[in-house]
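Written out below as structure tokens is the structure these notes cover.
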Amino acid sequence: MSKSTETMEKIVALCRRRGFIFGSSEIYGGLGGFWDYGPLGVELKRNIKDCWWNDMIKNPPTGPGGRKFQMVGVDCSIIMNPKVWEASGHVGGFSDPMVDCKETKNRYRADQLSVLQTKSGEGQMFAFATDDDESEDRARKKAAKYLKTSTDALAEMTTVVALETLETSTFPSILGPDAKEVGTLTEPRAFNLMFETFVGALQDSTSKAYLRPETAQGIFANFKNVMDSTRVKIPFGIGQIGKSFRNEINPRNFTFRSREFEQMEIEFFCDPKESMVWYEFWRDTRIKWYESLGIKSEKLRPREQGDEELAHYSDACTDIEYLFPFSDETQELEGVAHRGDFDLKAHGKAAKGKENAFAVLDDATKERFVPHVIEPSAGVDRFTLASITEAYSYDENRASPEFMKFHPRLAPIKAGVFPLVAKDGLPEIAEPIYADLRKHFFCQYDAKQTIGKRYARMDEAGTPFCFTIDHDTKEAGTVTVRNRDDASQERIDKSRCLEYLRDKLGI
RNA sequence: GCGGGCGUAGCUCAAUGGUAGAGCAUCAGCCUUCCAAGCUGAAUGUUGACGGUUCGAGUCCGUUCGCCCGCUCCA
């Protein structure tokens, strides 16, 4: 077992042991790709979402060149009119079994491919798009060349069959419609990763609906509503945090690829002429945000997508990737995509009947334009997992070797409050201190067992500070503050605990 | 999807085909004046599930499910 796998196993074990993350419905054997957050996990995840909402929506950064811009939020329904997903391109070809060509990366509907084969069924076969004369023509020419015969004589020697009637074991002999090499077609697979459900009591095709596979479309669908109700002006952004669902074929790596997950997405609308400037601004802003929350920059790798990787409508896209312990390669935390006017035009066309239905007026030139969109789309669960793996520390010289070095803003518990012993009137002093602190921060009071065990428990929870009330507190009115990261101690006046926390946490 | 490995208490692991156990963790109490100390006690199981062989199965056989690893896949 590799060292990184071992580390990952320790992290998963700690998450379970301390109540960060459990497998969903474990008592019934679990369900792959679904996870529950426990008492500590929910605090961590909530802190992450609060940080994002605060830093991006409530108090957004200043734009390039000191420009101000507005940010507003929405919270859209998970189930939407299925037409949303037709317009966005999520349904359509994706409901049916598909065949991929490994060479050309083209994807074909399995029921729309035919194959030209020799009457004996032997030798190479030639696939083409059914009812596409041009594609069939190309296949026939290639077949004629292969069989060293004329296209006229070919009809005598060959027969046409539907791809779906062939055994997948014969696929290595098939030449794809656009391929140069033989045997590059995959077996037909269902590619609709959207969860289906039914709205209303009747379960038929007219009531079919989908759980959203991304939060973005709810924002696009409400673009006009937000424009009309809030007096925002281009450039501005709409943010949303919410659950999305993808029926992943193969969920792996703890919570990294889950079937139910939460997203934090911004759709930023701007003048096409300035779109690249805003794209670069958001890419850099988002990278800095992760660094500000304790992700080391050397583990954070922005990866600019090459032209061949980009969606056809996209001008640029950067995946902000993080080096998780479960892989030698960095994995995507967030995608910052320049989506052009693709989405607004698609919905304008589908819902309003013309592509420019969502155009806005340029005050200076009095011309109408469809805004371009910059989309920083982050995975809440992925960043939660990244902050956990980043925080995980091991020092065999400590009494409690494992500890979680969370950034103070993210730490689930901000402080522990302990009477050194549960007698001599110490709990009576400690309890009011705790009652005062908990009004402002999530804290924990513990009087059980030895002080060492209590510190160790707080280390595993990632609590940055512990206040310990001892006999000197009675005499001098001071308490011990114990620091999680180096186990160092200092004494402060017991009345200064809240002030101390505010100062050290920076919040 | 393919191949390999593993399933016994919350965790780490024991138990010749013959009464399912230990340590840690948890809880209660004692002790304890700053880093998982000690003592006493308590609670904890459909041995992943189903079926078969057997007088008797955690153990042998079959099936199945789950998890992990490697490939594959990931609009």
Side-chain angles (χ1 to χ4, degrees), chain A residues 1-2 4-6 8-10 12-19 22-33 38 85 88-100 102 105-107 168 186-194 213-214 246-254 256-259 309-314 319 326-328 331-332 335 395 397-403 416 418-426 446-460 466-475 479-484 486-491:
Chain A
M1 192 186 293
S2 72
S4 59
T5 306
E6 245 175 83
M8 202 57 213
E9 283 190 358
K10 281 183 180 160
V12 172
L14 189 146
C15 282
R16 247 190 77 70
R17 189 168 70 243
R18 285 298 171 230
F22 310 115
S24 166
S25 38
E26 258 181 9
I27 58 167
Y28 291 109
L31 189 59
W85 308 112
S88 69
H90 286 81
V91 270
F94 298 110
S95 306
D96 303 290
M98 304 294 281
V99 171
D100 283 321
K102 291 177 205 163
K105 306 293 180 197
N106 286 336
R107 176 165 285 164
T168 54
T186 64
E187 60 188 86
R189 291 167 300 194
F191 261 89
N192 190 356
L193 295 188
M194 285 197 290
E214 59 176 41
R246 294 185 199 184
N247 204 352
E248 296 285 353
I249 296 162
N250 195 357
R252 275 282 169 94
N253 293 328
F254 203 22
F256 182 80
R257 180 167 294 124
S258 301
R259 293 187 162 121
E309 229 181 320
L310 285 173
H312 61 87
Y313 50 77
S314 180
D319 284 344
F326 57 73
S327 174
D328 296 332
Q331 308 284 329
E332 183 183 352
D395 180 356
N397 296 320
R398 288 165 71 114
S400 49
E402 284 181 304
F403 63 110
F418 309 142
L420 183 60
V421 290
K423 60 178 185 181
D424 303 337
L426 300 189
D446 192 354
K448 298 278 176 66
Q449 295 177 312
T450 63
I451 193 71
K453 281 193 183 184
R454 284 176 271 166
Y455 286 152
R457 247 194 293 271
M458 286 297 108
D459 279 348
E460 282 193 339
C466 295
F467 298 104
T468 299
I469 285 74
D470 59 20
H471 293 85
D472 287 349
T473 310
K474 289 163 85 176
E475 311 296 324
V479 300
T480 302
V481 191
R482 185 259 191 188
N483 185 305
R484 171 197 68 196
D486 56 10
S488 66
Q489 299 191 344
E490 59 180 306
R491 291 197 75 88

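First the proteins, then the strands, lettered A, B, ... as listed; each starts at 1.
Between A:D459 and A:F254, the residue anchored closer to the 5' end of RNA chain B is A:D459, taking for each the nucleotide with the nearest heavy atom. Between A:V479 and A:R257, the residue anchored nearer the 5' end of RNA chain B, judged by the nucleotide with its closest heavy atom, is A:V479.
Residue A:R482 places no side-chain atom within donor-acceptor reach of the base of B:rC34, judged by atom type and a 3.5 Å distance cut-off alone.
Comparing B:rG41 with B:rA9, their P atoms are spaced 25 Å from each other, to the whole Å. Comparing B:rU72 with B:rU19, their P atoms sit 49 Å apart, to the nearest whole Å. A gap of 11 Å separates the P atoms of B:rC39 and B:rA25, to the nearest Å. For the C1' atom pair drawn from B:rG21 and B:rA15, the interatomic distance equals 7 Å after rounding to whole Å.
Atoms CG (A:D424) and C1' (B:rC34) sit 15 Å apart, rounded to a whole Å. Atom CD in A:Q449 sits roughly 14 Å away from atom P in B:rC30 (whole-Å rounding).
Remark: B:rC39 base-pairs with B:rG29; criterion is Watson-Crick or G-U wobble with both hydrogen-bond distances under 3.5 Å. Pairing of B:rC67, defined by two Watson-Crick or G-U wobble distances under 3.5 Å, is identified with B:rG5. B:rG45 makes up no base pair with any nucleotide shown, lacking Watson-Crick or G-U wobble contacts both under 3.5 Å. As the counterpart of B:rG23, B:rC11 is assigned, both hydrogen-bonding distances of the Watson-Crick or G-U wobble pattern falling under 3.5 Å.
Across all strands shown, A:R17 has no heavy atoms under 4.0 Å from either base or sugar-phosphate atoms. The residue A:R484 sits apart from the nucleic acid: no heavy atom pair falls under 4.0 Å.
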